[in-house]
Visitor: 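Next up is a structure, given as structure tokens.
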Number of protein chains: 2
Amino acid sequence: MDDALDALVARLVDLSAVERDGTRRLPPERELVAQLDMSRGTLRERLSQLESLGILDRRQGHGTYLRSPGASVVRTTFTLMGALGGLRPDQVDQAREMLEIVTTVEAAKLATTGDVAELGRLTDAMIVATAAGDHEAGLEADLAFHRHLVTIVGNPILDVLQDGLAGMLRDTLAARRAKALRTETPAADGTYRTDTVHRQIVAALAANDADAARIAIRLHFDHHDAVVGSTDDDA
Amino acid sequence: MDDALDALVARLVDLSAVERDGTRRLPPERELVAQLDMSRGTLRERLSQLESLGILDRRQGHGTYLRSPGASVVRTTFTLMGALGGLRPDQVDQAREMLEIVTTVEAAKLATTGDVAELGRLTDAMIVATAAGDHEAGLEADLAFHRHLVTIVGNPILDVLQDGLAGMLRDTLAARRAKALRTETPAADGTYRTDTVHRQIVAALAANDADAARIAIRLHFDHHDAVVGSTDDDA
DNA sequence: AGACCAATGTGGTCAGACCAATGCTCGACT
DNA sequence: AGTCGAGCATTGGTCTGACCACATTGGTCT
């Protein structure tokens, strides 16, 4: 099944035309039917598969567009796994934590001064937002921080996994962050340890010190776990 | 799109019947059409989506069966990502390595004496097979070893990711292992370091020593990388 | 009893029509 | 001239009913 779909994707890429905004648009289904020599029903079945794999985007009255498969697949996969039983939210959380630990360690080896500057900026934004009581923006900056760590490593697989898992957990993460901030007593200068732990990560990356990064990111999670009481602890 | 599919899956689970071998079998499509009040074409489109997500298994002349989504989704996703460009084999390899590092560390915290015994058994099998020149069996035991580490952690997400990535990399892994064994000079007792590194991992798990496990698994990869010359190195 | 073959049940494909949403065009009105 | 709205064309979404291909089952012939 996979190889056939594979071949189909290749032909579709050929038949697609590039729009002005850079997206690749497929010919209408009725035309594809002629060029691919199959019935519309069969074609639509294949397109549905590709759509569910995140490779296509179909919009009624608009057209069908190619796109790079992304986090959506991972998210739907695990969502449906959850629907079928056998997948608890804390397991998703655990997987994400494990992923972020290695990501951070790997990023520490590769971070450039530009990356460090960007991460510093995001940390500042987070602290400012939190101090101003805008927890929505704080969460956003928090997520952006971790997303940038993934970017540094530059591995598309991590991208997909991180986005997918974090996307699933968005509500959970928001709740965790809120609870941590609510429970915690801010320091003298009004900052929260929940936020300032990020500075340690940035420092480790600035020094390209993988060990320090590992310790810092674990502190990050241990702190949350201790406050919120999540999954398991660390050695 | 996801929520609609979600609901459909729930109804399908209701309509399915349990076979004697424990698998859940769906009614024939023509009957589903009546019970779900949609046309067969539309139903088939949905079923195709679920199949591509690894939730269904359709066999012509046989029937349609429910199954837990598994590694296949991850594998096809990343395979198609590769087909669309933007995903190199070494990136898959890197992701797998990163995943195995955290998996091993986590497993060290949770391993029981039974797990340790099983891992010891697999290591023995691997060493014996290698000594006998049966590299196929050696690879098999090697893969089983790492698969059991995932089992110890007991997180279905890791299961899926590990299986998916290792499945994609099967040929690559075989080549790496073969080259490592070919290049390496065996010790006095005829064992290879490629194999014996596993003993260090087992020892770390027996002591529930997460730090030792991390060091051991990194040695494992560093060794391979040094011999074969793969992706990046370690700090 | 064994081998062969036909009937049946199942998913896979095909064909043509109609429905529904989107965006554009062109005309009426201000 | 500008603006708003009705209508039209395009495109994906659904329905119907027929036929094809594969797998199992049971009967029939040797």
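Naming convention: chains lettered A, B, ... in sequence-line order (proteins, then strands); numbering from 1 in each chain.
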Visitor: Rounded to the Å, how far apart are A:Asp57 CG and C:dA21 C1'?
Guide: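 Checked: the CG to C1' distance equals 15 Å.
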Visitor: Is there a donor N/O on one and an acceptor N/O on the other, under 3.5 Å, for the side chain of A:Arg30 and the base of D:dG12?
Guide: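 Present.
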Visitor: D:dG13 P sits how many Å from B:Glu45 CD, rounded?
Guide: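 Answer to the nearest Å: 7 Å.
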Visitor: Can you tell me the Watson-Crick or wobble partner of D:dT28, both distances under 3.5 angstrom?
Guide: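 By the stated definition (distances under 3.5 Å), C:dA3 pairs with D:dT28.
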Visitor: If every non-hydrogen atom of A:Ser16 is compared with every non-hydrogen atom of A:Leu26, which pair is closest and at what distance?
Guide: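 Nearest heavy atoms, A:Ser16 then A:Leu26: CB-CD1, 3.8 Å.
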Visitor: Using the closest heavy atom to pick a nucleotide of DNA chain D for each, name whichever of A:Glu29 or B:Leu43 lands nearer the 5' end.
Guide: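 The residue whose closest nucleotide sits nearer the 5' end is A:Glu29.
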Visitor: Among D:dG12, D:dT11, C:dG11, which nucleotide has an atom closest to any side-chain atom of B:Gln60?
Guide: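 In terms of side-chain proximity for B:Gln60, the closest of D:dG12, D:dT11, C:dG11 is C:dG11.
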Visitor: Measure from the side-chain heavy atoms of A:Arg40 and tell me the nearest of D:dG13, C:dG12, D:dC15.
Guide: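 Within the option list, the nearest is D:dG13.
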Visitor: According to a strict under-4.0 Å criterion, is A:Arg25 in side-chain N/O contact with OP1 or OP2 of D:dT10?
Guide: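 Negative; the distance criterion is not met.
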Visitor: So, B:Arg46 and A:Glu45, do they make that salt bridge, N to O below 4.0 Å?
Guide: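 No salt bridge links B:Arg46 with A:Glu45.
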Visitor: Rounded to the nearest Å, what distance is computed from the CG atom of residue A:Leu36 to the P atom of nucleotide C:dC14?
Guide: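 Spelled out: CG on A:Leu36 to P on C:dC14 is 11 Å.
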Visitor: Give the nucleotide from the list C:dG23, D:dT24, D:dG12 with an atom nearest to the side chain of A:His62.
Guide: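 My answer, after comparing the listed nucleotides, is C:dG23.
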Visitor: Specify the separation, in whole Å, of atom OH of A:Tyr65 and atom P of D:dT10.
Guide: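 Distance check: A:Tyr65 OH to D:dT10 P gives 15 Å.
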Visitor: Can A:Arg11 and A:Asp14 be counted as an ion pair, charged N to O under 4.0 angstrom?
Guide: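 Between A:Asp14 and A:Arg11 there is no salt bridge, as every charged N stays at least 4.0 Å from the carboxylate O atoms.
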Visitor: Using whole Å, what does the distance between atom C1' of nucleotide C:dT10 and atom CG of B:Leu32 come to?
Guide: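 Distance, rounded to whole Å: 12 Å.
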Visitor: Compare side-chain N and O positions of B:Thr42 against OP1 and OP2 of D:dC15 and report whether any pair is under 4.0 Å apart.
Guide: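 It does, given that an N or O in the side chain of B:Thr42 lies less than 4.0 Å from OP1 or OP2 of D:dC15.
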Visitor: Nearest whole Å is fine: how far is D:dC15 C1' from B:Arg46 CZ?
Guide: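 After rounding, the gap between these two atoms is 13 Å.
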Visitor: So that I can tick it off, tell me whether A:Glu19 and A:Arg24 are bridged by a salt bridge, with the cut-off set at under 4.0 angstrom between side-chain N and carboxylate O.
Guide: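 Salt bridge flag = no for A:Glu19 with A:Arg24.
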Visitor: Looking at A:Ser39, does any N or O in its side chain come under 4.0 Å of the phosphate oxygens OP1/OP2 on C:dT13?
Guide: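 For A:Ser39, the contact criterion (side-chain N or O under 4.0 Å from OP1 or OP2 of C:dT13) is not met.
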Visitor: By the 4.0 Å heavy-atom rule, please label B:Gly63 as base, sugar-phosphate, or nothing.
Guide: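 If one applies the 4.0 Å heavy-atom cut-off, B:Gly63 turns out to touch the sugar-phosphate alone, with no base involved.
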Visitor: Of the listed nucleotides (D:dG13, C:dG12, D:dC15), which one gets closest to any side-chain atom of B:Arg58?
Guide: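 Looking only at side-chain atoms, B:Arg58 lies closest to C:dG12.
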Visitor: Rounding to a whole Å, what distance do you find between A:Glu31:CD and D:dT10:P?
Guide: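 Whole-Å distance recorded here is 12 Å.
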Visitor: Can you tell me how far P of D:dG12 sits from CD of A:Glu51, to the nearest Å?
Guide: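 These atoms are roughly 11 Å apart.
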Visitor: Do you know the tightest heavy-atom contact between B:Gln35 and B:Leu15?
Guide: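 That would be OE1-CD2, 3.1 Å.
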Visitor: B:Arg44 side chain N/O closer than 4.0 Å to the phosphate oxygens (OP1, OP2) of C:dG12?
Guide: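 For B:Arg44, the contact criterion (side-chain N or O under 4.0 Å from OP1 or OP2 of C:dG12) is met.
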Visitor: Can you figure out which of C:dT13, D:dC15, D:dT14 approaches the side chain of B:Met38 most closely?
Guide: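 The nucleotide sitting nearest to the side chain is D:dC15.
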Visitor: Apply side chain to side chain contact (heavy atoms under 4.5 Å, CB included) to the pair B:Leu50 and B:Leu8, showing each step before the final yes or no.
Guide: CA-CA 10 Å; B:Leu50 293 177; B:Leu8 178 62; 4.2 Å; yes
Visitor: For A:Gly61 and A:Val33, find the nucleotide of DNA chain C closest to each by heavy atoms; which residue's nucleotide sits nearer the 5' end?
Guide: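 Residue closer to the 5' terminus by nearest nucleotide: A:Val33.
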